[in-house]
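Note that these values count all heavy atoms, side chains included, but never hydrogens, waters or copies made by symmetry.
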Amino acid sequence: MDRRKVMSLSACTALAALAPTQVLSQVSTVKRIGVLSFLPRERWPDGWQRVVENLPKHGWVEGRNLRFEYRDGVTDPQGLYGAARRLVESKVHLIAALLDDAAFAAKSTTSTVPIVAISGFPVEIGLVQSMARPGGNITGVSFQANEENSRVLALLRDVRPGLARVGVPVNLSDPGWRIWFDGYLKPAGSAGIRILPLPLPYTPNDIAPMLELAAREEVQALIMPILPLLSKAVWQQITAWAIEHKVVTRGPLQWRDDVVMTFGTNLLELEQLFAAQIDRVLRGANPAETPFLQVNTWETVVNLRLARAVGWPIPRAVLVQATHVIE
């Protein structure tokens with residue numbers, strides 16, 4: 001059930017500034033958007049569809065003045081660069097890069113085709129020069145915030161008293177993942193919590209090493225990435241393992257039925273801002289001078305059913321913070 005939905009003033013202001021102020025005229029030229037992602041669309045089916053559904057609010061209708069060319073599900077890093085090159089050669093008007101790997105591949109392939117990206121830490125990983133003035137041919141939306149890490153740990157400690165060992169699946173060779181992981185180290189150290197890096201799974205075949213290491217280390221909680229990296233089959237294995245080992249799980253909003261709790265980006269705001277950025281660039285805005293936007297609305301979802309199954313009922317202190325509660 002819904003508890004509360006708080007939209008930050010800054011996000012509202014950004015959306016209002018980006019929304020059309022009058023009825024948009026017909027665009028005579030069909031604009032072609034190349035969608036580049038290592039994630040297959042089925043991993044984020046509702047999310048991408050909501051981006052597509054937001055575009056008509058800005059005057060862009062698929063099949064009328066807009067066409068998509070998809071290069072998704074490209075799990076090989078080198079394959080992303082080849083896919084980006086093919087999009088550039090096909091003369092798309094804009095590349096929508098979903099997540100950092102795709103954004104870097106697109107940026108390395110072209111300095112002229114505009115890129116609108118979804119990124120976690122665009123400045124820290126060197127994707128753009130600054131949030132206010134990105135520079136180059138790329139702008140977009142950031143879904144991470146530095147305070148997320150301490151908030152997640154605080155919620156986990158409330159749910160699991162005596163929390164001392166937390167497993168975090170991560171790819172430490174990737175700059176974005178490293179920044180995300182390192183963000184947990186300071187607040188965890190202050191709270192006396194040990195953070196353990198685990199192999200990041202992508203397929204059912206990858207899940208065993210992560211769960212085996214987590215079991216050996218006797219982790220009491222798993223902080224799963226908020227991104228839609230994993231399939232339903234993988235989440236089912238994680239959920240069964242968590243129930244067996246009495247481990248509290250935090251995961252993405254898309255899989256709220258399979259995790260005890262989640263605290264993360266409001267996906268509706270992310271998708272609205274992403275569509276608005278695409279609209280601005282399609283209408284001629286220079287990405288170098290188009291501020292990289294930051295999602296400012298966050299959701300806390302708790303799953304009472306799964307919390308009972310893993311043996312750690314949700315305390316009232318957490319329930320009163322929840323934007324959604326799954327009975």
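Residues Ile125 and Phe104 meet the side-chain proximity criterion, which asks for heavy atoms closer than 4.5 Å. Side-chain contact between Ile138 and Leu127 is present, with at least one heavy-atom pair separated by less than 4.5 Å. Looking at heavy atoms from C-beta onward, Leu268 lies out of side-chain contact with Thr297 at the 4.5 angstrom threshold. With contacts defined as side-chain heavy-atom distances shorter than 4.5 Å, the pair Thr139/Leu293 does not qualify. Looking at Pro201 and Gln237, their side chains never come closer than 4.5 Å, going by heavy atoms from C-beta outward. Looking at heavy atoms from C-beta onward, Leu222 lies in side-chain contact with Leu198 at the 4.5 angstrom threshold. You'll find the side chain of Val123 reaches within 4.5 Å of the side chain of Met131, heavy atoms only. By the 4.5 Å heavy-atom criterion applied to side chains, Asn137 and Thr112 are not counted as neighbours.
With Val159 as the fixed residue, the side chain to side chain contact (heavy atoms under 4.5 Å, CB included) test singles out one of Val248, Val302, Val310: Val248.
The heavy-atom pair separating Arg64 from Val30 by the smallest distance is O-CG2, 3.6 Å. Across all their heavy atoms, Trp180 and Asn149 have their closest contact at O-ND2, 3.4 Å. Looking at every heavy atom in both residues, Gly120 comes nearest to Ser142 through O-OG, 2.8 Å. The two residues Ser173 and Asn171 come nearest to each other via the heavy atoms OG-OD1, 2.6 Å. A pairwise comparison of heavy atoms in Ser108 and Tyr81 identifies CB-CE2, 3.6 Å as the closest pair. Minimum heavy-atom separation, Ile238 to Thr249: CG2-CG2, 4.5 Å.
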ask   = Please walk me through it: do Trp312 and Val260 pass side chain to side chain contact (heavy atoms under 4.5 Å, CB included)?
value = CA-CA 9 Å; Trp312 296 100; Val260 172; over 6 Å; no
task = Please test Phe263 against Trp298 for ring pair (Phe, Tyr, Trp, His ring centres under 6.0 Å), starting from the C-alpha separation and ending with a verdict.
result = CA-CA 7 Å; Phe263 172 79; Trp298 302 84; 5.7 Å; yes
inquiry  = Show, in sequence, the C-alpha distance, side-chain angles and deciding distance for Leu155 and Arg250, and conclude whether the side chain to side chain contact (heavy atoms under 4.5 Å, CB included) test is met.
reply    = CA-CA 10 Å; Leu155 287 167; Arg250 177 269 195 171; over 6 Å; no
task = Walk me through it: do Thr239 and Asp257 pass the test side chain to side chain contact (heavy atoms under 4.5 Å, CB included)?
result = CA-CA 10 Å; Thr239 301; Asp257 291 333; over 6 Å; no
key: Test salt bridge (Lys or Arg N to Asp or Glu O under 4.0 Å) applied to Glu217 and Arg165, step by step   = CA-CA 8 Å; Glu217 296 287 352; Arg165 294 179 304 283; over 6 Å; no
inquiry  = If you apply the rule side chain to side chain contact (heavy atoms under 4.5 Å, CB included), what do you find for Val295 with Val141, and how did you get there?
reply    = CA-CA 7 Å; Val295 177; Val141 183; 3.8 Å; yes
task = Verify salt bridge (Lys or Arg N to Asp or Glu O under 4.0 Å) between Glu327 and Arg305, making sure each step is shown before the conclusion.
result = CA-CA 6 Å; Glu327 300 288 353; Arg305 174 188 56 79; over 6 Å; no
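For Gln220 (side chain) and Ala164 (main-chain N/O), a donor-acceptor pair under 3.5 Å exists by modelled atom type. Side chain of Asn54 to main chain of Arg50: a donor-acceptor pair is present (N/O by atom type, distance under 3.5 Å, no hydrogens or angles). Between the side chain of Gln277 and the backbone N or O of Gly140, at least one donor-acceptor pair lies under 3.5 Å. Judged by distance alone, the side chain of Arg32 and the main-chain N or O of Ser90 form a donor-acceptor pair under 3.5 Å. Between the side chain of Asn303 and the backbone N or O of Arg256 there is at least one donor-acceptor pair closer than 3.5 Å.
More than 12 non-hydrogen atoms from other residues, nucleotides or ligands lie less than 6.0 angstrom from NZ of Lys246.
Ring orientation note: the planes of Trp48 and Phe68 are nearly perpendicular, at an angle over 60° on the 30°/60° scale.
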